[in-house]
Amino acid sequence: MNAPRRIILDTDPGIDDALAILLALASPEVELLGLSIVHGNCTLAEAVANGLAVLELGGGQHIPLFAGCDRPLLRPLTTAHDTHGQRGLGYAQLPPARLQPAREHAVDFIIRTALAAPGEITLVAVGPLTNVALALRKEPRLAGALREIVMMGSALRADGNVTPRAEFNVYADPHAAHIVFSSGVPLVIMPWDITRLVRLHESEVDRLAQPGKPIGRFIADATRFYIEFHRRYFGYDGCAINDPAALALVFLPDLATYTDVYVAVETCSSLTMGFTVADFMLSGGRQPNARAVVEFDTPRFLSLFVERMRTLEERLYP
Ligand code: RIB
Ligand code: CA
């Protein structure tokens, strides 16, 4: 096996974020260097508490967690409690963590870690991009130091999930997304176009939720709320597990096919705020600023995800 991919996960846990944290902890191909927490699905304070609790649940007591920005750069705070529940983890009730967040700000952690290992660190960004944007602005060398950013966000050729034109992570902080898209950093985009079809179903969840198995219990309680939301809001069967799908690209890139694209984001119009304009034709000889996932092997990913959750459960709670 190749050396593990060294990653930072910038996240707004959130139900699917929590599944991404567990997948990172369950995947030997990944060395999770730390969680940087951002506002989004819930408040920063809720997301910090959730991140710590999920780290403890998943055997990540040794992984540092850094609190980041509690609001967007310019826009007012937008949370998604209707999607992720009152405290951000659906119906799940995890014990308060014994762990504490690190004292360092998430932005400084991202900069320090990337500059200490040029070309080695992948930043997986599965929340609004506020921390990432501020880090790029505070340290101009960061774009050249990161191996790449893999982000979950944008709606490139599909309706959005927050407005007809905007996906949540970009909508929540479109100015941050603009900074990332224009930074020159090597960028992989896992868009809502793809992840809305990556759905975990009750049947798969039931296979995990065995008596006395805390990870399966957590996944069942968290995703029950999330499945109910997807049924009510989208008419979907199952729930879109956007963030673990994006994470998997780091260690299984052949799950997807990619296309170069030039992406820009609307930051002025109240009607189309957060709209990601994707130029796949690279018209006028435009240079691409991202590689977008255009196909994804969902069945293979879902069976990997369920298997990894089962293996993690057996390792931690035999
Ligand atoms: O639009 C889906 C994205 O927004 C996911 O990352 C979800 O967790 C929310 O952050
Ligand atoms: Ca997220």
Side-chain angles (χ1 to χ4, degrees), residues 7-24 35-44 46-48 50-51 54 65 68-72 75 77-85 87-90 92 106 123-132 149-156 158-174 176-177 180 188-200 219 222-223 225-227 229-230 233-234 236 238-250 265 273-276 292-293 296 305:
I7 75 162
I8 293 170
L9 182 61
D10 190 78
T11 176
D12 59 337
I15 294 170
D16 57 331
D17 301 72
L19 301 183
I21 296 168
L22 291 174
L23 182 60
L35 298 184
S36 51
I37 303 298
V38 67
H39 65 87
N41 288 321
C42 50
T43 66
L44 178 72
E46 292 163 342
V48 165
N50 293 342
V54 173
L65 179 146
C69 298
D70 67 353
R71 71 199 70 184
R75 299 273 300 151
L77 177 64
T78 303
T79 54
H81 288 98
D82 62 337
T83 310
H84 294 266
R87 284 183 306 283
L89 294 178
L123 179 54
V124 182
V126 295
L129 292 164
T130 316
N131 290 341
V132 180
I149 292 177
V150 176
M151 69 169 275
M152 191 281 137
S154 79
L156 298 180
D159 286 355
N161 57 5
V162 181
T163 74
R165 294 263 66 81
E167 172 278 328
F168 179 81
N169 284 337
V170 173
Y171 178 80
D173 196 341
V180 174
V188 173
I189 297 178
M190 174 62 118
W192 168 248
D193 314 34
I194 299 289
T195 64
R196 64 193 173 135
L197 304 173
V198 185
R199 296 180 202 156
L200 192 68
I219 294 174
T223 58
F225 185 97
Y226 202 39
I227 287 170
F229 169 81
H230 280 75
Y233 191 75
F234 296 111
Y236 285 175
C239 58
I241 56 171
N242 316 284
D243 296 345
L247 173 81
L249 298 175
V250 172
V265 55
M273 181 66 73
F275 175 31
T276 38
V293 172
F296 188 69
F305 175 76

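What you are looking at is a predicted structure, and each value in this text was computed from that prediction instead of being measured. In listed order, ligands and their atoms are each counted from 1.
When every heavy atom of Gly153 is checked against every heavy atom of Ile189, the shortest pair comes out as O-CG2, 3.3 Å.
Taking distances strictly below 3.0 Å, the protein N/O/S atoms close to the Ca ion (ligand 2) are Asp12 OD1, Asp17 OD1, Asp17 OD2, Val126 O, Asp243 OD2.
Considering only heavy atoms from C-beta on, His39 comes within 4.5 Å of Pro72 through its side chain.
For the residue pair Asp173 / Thr130, a side-chain donor-acceptor distance below 3.5 Å is found, with atom types taken as modelled.
Residue Thr195 holds its OG1 atom at 3.5 Å from CE of Met152, rounded to the nearest 0.5 Å. Residue Ile241 holds its CD1 atom at 5.0 Å from CZ of Phe305, rounded to the nearest 0.5 Å.
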List of N/O pairs, ligand 1 versus protein, all under 3.5 Å?
from     : atom 1 : to     : atom 2 : distance (Å)
ligand 1 : 1 (O)  : Asn161 : ND2    : 2.8
ligand 1 : 1 (O)  : Glu167 : OE2    : 2.6
ligand 1 : 4 (O)  : Asn169 : OD1    : 3.1
ligand 1 : 6 (O)  : Val126 : O      : 2.9
ligand 1 : 6 (O)  : Asn169 : ND2    : 3.1
ligand 1 : 6 (O)  : Asp243 : OD1    : 2.6
ligand 1 : 6 (O)  : Asp243 : OD2    : 3.1
ligand 1 : 8 (O)  : Asp16  : OD1    : 2.6
ligand 1 : 8 (O)  : Asp16  : OD2    : 3.2
ligand 1 : 8 (O)  : Asp17  : OD1    : 2.8
ligand 1 : 8 (O)  : Asn41  : ND2    : 2.9
ligand 1 : 8 (O)  : Asp243 : OD2    : 3.1
ligand 1 : 10 (O) : Asp12  : OD1    : 3.3
ligand 1 : 10 (O) : Asp12  : OD2    : 3.0
ligand 1 : 10 (O) : Asn41  : OD1    : 3.4
ligand 1 : 10 (O) : Asn41  : ND2    : 3.3
ligand 1 : 10 (O) : Asn169 : OD1    : 2.8

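Judged as a salt bridge (Lys or Arg N to Asp or Glu O under 4.0 Å), and not counting sequence neighbours, the contacts of Asp159 are Arg165. For the side-chain contact (heavy atoms from CB on, under 4.5 Å) test, residues two or more places apart in sequence or in another chain that qualify with Ala240 are Trp192, His230, Asn242.
Remark: Arg199 qualifies as a cation-pi partner of Tyr236 under the 6.0 Å distance and 45° angle criteria applied to the six-membered ring.
With hydrogens and angles disregarded, a donor-acceptor distance shorter than 3.5 Å links the side chain of Thr276 to the backbone of Ala155.
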